[in-house]
Engineer: 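So that we are looking at the same thing, I have put the structure below in structure tokens.
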Amino acid sequence: MSLLANECVREFTYKSFSVEKKEEESVKIKIIDNPEAVAYCSILWPSAPILALYLWEHRSELIGKYILELGSGTALPGILAAKCGAHVTLSESALLPRSVNNLKRTCELNDLNSSQVAVIGITWGLFTSNVLQLKPLDLIIASDCFYDPSVFEDILATVSFLIDRNPHTEFLTTYQERSSDWSIEPLLHKWQLACSSISIDSLGVESDIDINDLVGNHSIHFGLQKIFVSNLPWTISSRELRQYFSGFGNIYQARVVFDRDTGLSKGFGFVTFQSEESVNKVLKSTNHTIEGQPIVIQPTK
DNA sequence: GTTGAGCGTT
């Protein structure tokens, strides 16, 4: 399997001592991360390792279960569930064939063939034949799918439909709180779904993983993590933009905006950091220059 | 049409 530009393979190892088997169990997962991707589904968001770690710590309950992952993206939780013995179906939007294909590539990367893990296109809120043909599920999982309020109801419509067909199906989801104004609670009522939250305080203790390392400072809003950069030299690409700002902290995404028609740089771009602190550092520091040219930094509107 | 204020993409 070959990687595209900006893609990298990230390895996750889950290890725990099994009291029942009196031996250490471990599994290694490889996922394709593309922090530069325009499509959010190619980026490994912190909710994914959290859900994966939760599944790992409940792996004995996964054996033989039928699990569907919605909006799989990098598919870390889904692949982990498959490695733990579940029958897993990964899914991505049917409108994004490349993202669906990325799921197939990830299966290949983890030596899982199509009889072990199925990959299908599911568009949230649409009841296409792919959804109708699903076998009864034990569990639906989704990491970081509640990132845009305009799709909240579509996701829950799909979940509600699948739970209606098989009432013992459970839905397990992790998400980042991006705005205190957002809530799925009214929609849960509307779709007659009940929910409870699971504490992640003791998550990782068994595997000796500090979840803060996985999450970073992500409980903050997106706007504060992102800066608008202008007066860029015409010649620089997202790569150089990333390179310049990498000195201020870990970067999720750095993008120069190019004109769709001419392909020429518009001379501005966006940099999204993994923490608010990095943004503050950038804003405090003056005299930012790239290739000798002063550049302008502003918080995003 | 060879630039210099601006807030993109999915």
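Only a predicted model underlies this, so the values are computations on that prediction, with no experimental measurement involved. Residue numbers begin at 1 in each chain, while the letters A, B, ... track the order of the sequences.
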Engineer: Rounded to the Å, how far apart are A:Trp124 CH2 and B:dT10 C1'?
Structural biologist: 11 Å
Engineer: Does CD belonging to A:Glu11 count more than 12 external heavy atoms closer than 6.0 Å?
Structural biologist: yes
Engineer: Relative to the 5' end of DNA chain B, which residue comes earlier, A:Leu96 or A:Thr262, by the nucleotide with the nearest heavy atom?
Structural biologist: A:Thr262
Engineer: Pick the closest DNA chain B nucleotide for A:Val257 and for A:Trp234 by heavy atoms, then say which residue is nearer the 5' end.
Structural biologist: A:Trp234
Engineer: CZ of A:Phe228 versus P of B:dA5: gap in Å, rounded?
Structural biologist: 12 Å
Engineer: Between A:Lys15 and A:Glu25, does any side-chain N to carboxylate O distance fall below 4.0 Å?
Structural biologist: no
Engineer: Which whole-number value in Å describes the distance from A:Ile227 CD1 to B:dG6 P?
Structural biologist: 18 Å
Engineer: Which nucleotide sits closest to the side chain of A:Gln293: B:dG1, B:dC7, B:dG4?
Structural biologist: B:dG4
Engineer: Under the 5.5 Å and 30° test, is A:Phe270 stacked on the base of B:dC7?
Structural biologist: no
Engineer: Could you check whether A:Leu95 gets within reach of a base, just the sugar-phosphate, or nothing at all, counting any heavy atom under 4.0 Å?
Structural biologist: nothing
Engineer: Any ion pair linking A:Glu7 and A:Arg105 (charged N to carboxylate O, less than 4.0 Å)?
Structural biologist: yes
Engineer: Considering only B:dG6, B:dT9, B:dG4, which nucleotide approaches the side chain of A:Ser230 most closely?
Structural biologist: B:dG6
Engineer: Report the distance from atom CG of A:Asp259 to atom C1' of B:dG1, rounded to the nearest whole Å.
Structural biologist: 11 Å
Engineer: So A:Ser93, base contact, sugar-phosphate only, or nothing? Heavy-atom distance under 4.0 Å.
Structural biologist: nothing
Engineer: Just how far, in rounded Å, is C1' of B:dT10 from CZ of A:Arg255?
Structural biologist: 10 Å
Engineer: Among residues at least two apart in sequence or on other chains, which ones pass ring-ring contact (aromatic ring centres under 6.0 Å, His included) with A:Phe270?
Structural biologist: A:Phe228
Engineer: Rounded to whole angstrom units, what separation is found between the CD atom of A:Glu291 and the P atom of B:dG4?
Structural biologist: 20 Å
Engineer: What nucleotide among B:dT10, B:dG1, B:dC7 has an atom nearest to a side-chain atom of A:Leu264?
Structural biologist: B:dG1
Engineer: Between atom CD in A:Gln298 and atom C1' in B:dG6, what is the gap in whole Å?
Structural biologist: 8 Å
Engineer: Within this structure, what is the CD-to-P distance between A:Glu92 and B:dT10, rounded to whole angstrom?
Structural biologist: 14 Å
Engineer: With sequence neighbours excluded, tell me which residues meet side chain to side chain donor-acceptor pair (under 3.5 Å) with A:Trp191.
Structural biologist: A:Glu153
